[in-house]
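Take a look at the structure set out below.
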Amino acid sequence: MRVVVDGVTKTFRDKKGRDVTALSQIDFAIDREEFVVLVGPSGCGKSTLLNIVGGLLSPTDGSVYFEGLSAEQNDPRLGIVFQEIALFPWRTVFENVVYGLEEMGLGKSELKEKGQYYLDMVGLTGFEQAYPKQLSGGMRQRAGIARALAIEPDLLLMDEPFSALDAQTRTLMQEELLTIWNRTRLSTLYVTHNIQEAVYLADRVIVLSRHPGRIKEIIRIDMPKTGRDDEQYRIQFDDYVKQIWNLIRHDAQDALKEG
Ligand SMILES: Nc1ncnc2c1ncn2[C@@H]1O[C@H](COP(=O)(O)OP(=O)(O)OP(=O)(O)O)[C@@H](O)[C@H]1O
């Protein structure tokens with residue numbers, strides 16, 4: 001699904017009653033079958049922007065269009081994955097994955113078929129009857145991804161989905177996400193702090209600056225979608241990382257000082 005973010009501005013009121021502009025005049029599009037990553041220093045408005053696209057927050061100004069229509073006119077189906085996946089502890093992995101499908105009123109055999117298909121896709125075959133507390137962090141994230149995919153969304157929204165995982169699990173999950181994405185080719189908006197992750201996954205990286213959050217630059221990652229970690233792309237990969245870090249560095253230092 002093509003998504004257009006048009007002139008989005010978001011103002012919050014802080015505890016002292018002052019208006020804080022979190023996002024100012026944000027314009028960009030996510031094309032069909034495009035993977036767009038938002039990066040930027042802490043507090044630049046990445047999550048706010050993702051939540052606005054997902055309809056969880058409304059913009060103070062501007063609009064989001066889905067295939068040229070507003071969310072009310074189009075009612076896009078959204079698959080959302082957050083950093084801490086909120087699985088229902090009293091439901092098995094399978095029951096968690098099919099939760100959205102149940103809500104959509106699917107029958108038992110369809111639930112079984114689709115649930116199993118997406119569990120297999122994320123590598124959780126054999127864990128259908130396990131409960132979330134019996135899973136590792138990486139497995140819980142996989143279950144959350146399967147749940148988001150199971151509803152066959154028009155758009156996938158992911159907010160730091162791997163940042164609570166250890167470095168090795170994170171690398172493996174990035175690889176798996178690419179494999180899954182290549183099968184589904186869902187339009188995706190993905191938020192991360194991690195520049196390597198952005199360069200590894202993105203068709204385009206949107207770099208935000210802070211106070212107020214604005215688009216600093218949009219960078220197309222001109223490398224094949226798979227195998228970016230191959231030796232032959234190392235220099236190109238590192239150049240993208242450097243380019244993005246140079247755009248973020250000053251803002252990140254400021255964010256650090258402000259705490
Ligand atoms: N509900 C809220 N009320 C007041 N201010 C808010 C609210 N949500 C976000 N903000 C402010 O808006 C700005 C953007 O926040 P947001 O969480 O979107 O940034 P972020 O880039 O996702 O940050 P991080 O990377 O640290 O998660 C920050 O200055 C934040 O303090």
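Residues take their numbers from the sequence shown, with the count starting at 1. For ligands, and for the atoms within them, numbers begin at 1 and follow the listed sequence.
Between the side chains of Thr11 and Asp19, no donor-acceptor pair of N or O atoms lies under 3.5 Å. Tyr131 and Glu95 share no donor-acceptor pair across their side chains, judged by distance under 3.5 Å alone. Remark: the Asp120 side chain and the Thr125 side chain contain an N/O donor-acceptor pair separated by less than 3.5 Å.
If you number the atoms of ligand 1 from 1 as listed, the ones under 4.0 Å from a heavy atom of His193 come out as 25 (O).
In terms of N/O distances under 3.5 Å, ligand 1 is approached by Lys46. Here's the thing with Ser42: one of its N/O atoms is less than 3.5 angstrom from an N/O atom of ligand 1.
Heavy atoms of Arg210 found under 4.0 angstrom from ligand 1: none, in either backbone or side chain.
The protein non-hydrogen atom at the shortest distance from atom 4 (C) of ligand 1 is Phe12 CB, 3.4 Å. Of the protein's non-hydrogen atoms, the one nearest atom 12 (O) of ligand 1 is Ala22 CB, 3.3 Å. For atom 15 (O) of ligand 1, the closest non-hydrogen atom on the protein side is Thr48 OG1, 3.7 Å. Nearest to atom 19 (O) of ligand 1 among the protein's heavy atoms is Gly45 N, 3.1 Å. If you check which protein heavy atom lies closest to atom 27 (O) of ligand 1, you get Ser47 OG, 4.1 Å.
For Arg32, the CZ atom is loosely surrounded, since the number of other residues' heavy atoms within 6.0 Å does not exceed 12. The 12-atom threshold is exceeded at CD of Glu103, counting heavy atoms of other residues, nucleotides or ligands nearer than 6.0 Å. Heavy-atom neighbours of Gln134 CD from other residues, nucleotides or ligands within 6.0 Å: above the threshold of 12.
The CD1 atom of Ile180 sits 7.0 Å away from the CE atom of Met173 when rounded to the nearest 0.5 Å.
Shown here, atom 1 (N) of ligand 1 is in close reach of the protein: a heavy atom of it lies under 4.0 Å off.
Judged by distance alone, the side chain of Asp230 and the main-chain N or O of Tyr233 form no donor-acceptor pair under 3.5 Å.
Distances from atom 23 (O) of ligand 1 to the heavy atoms of Pro41, Gly40, Pro212, Gly43 show the closest one on Gly43.
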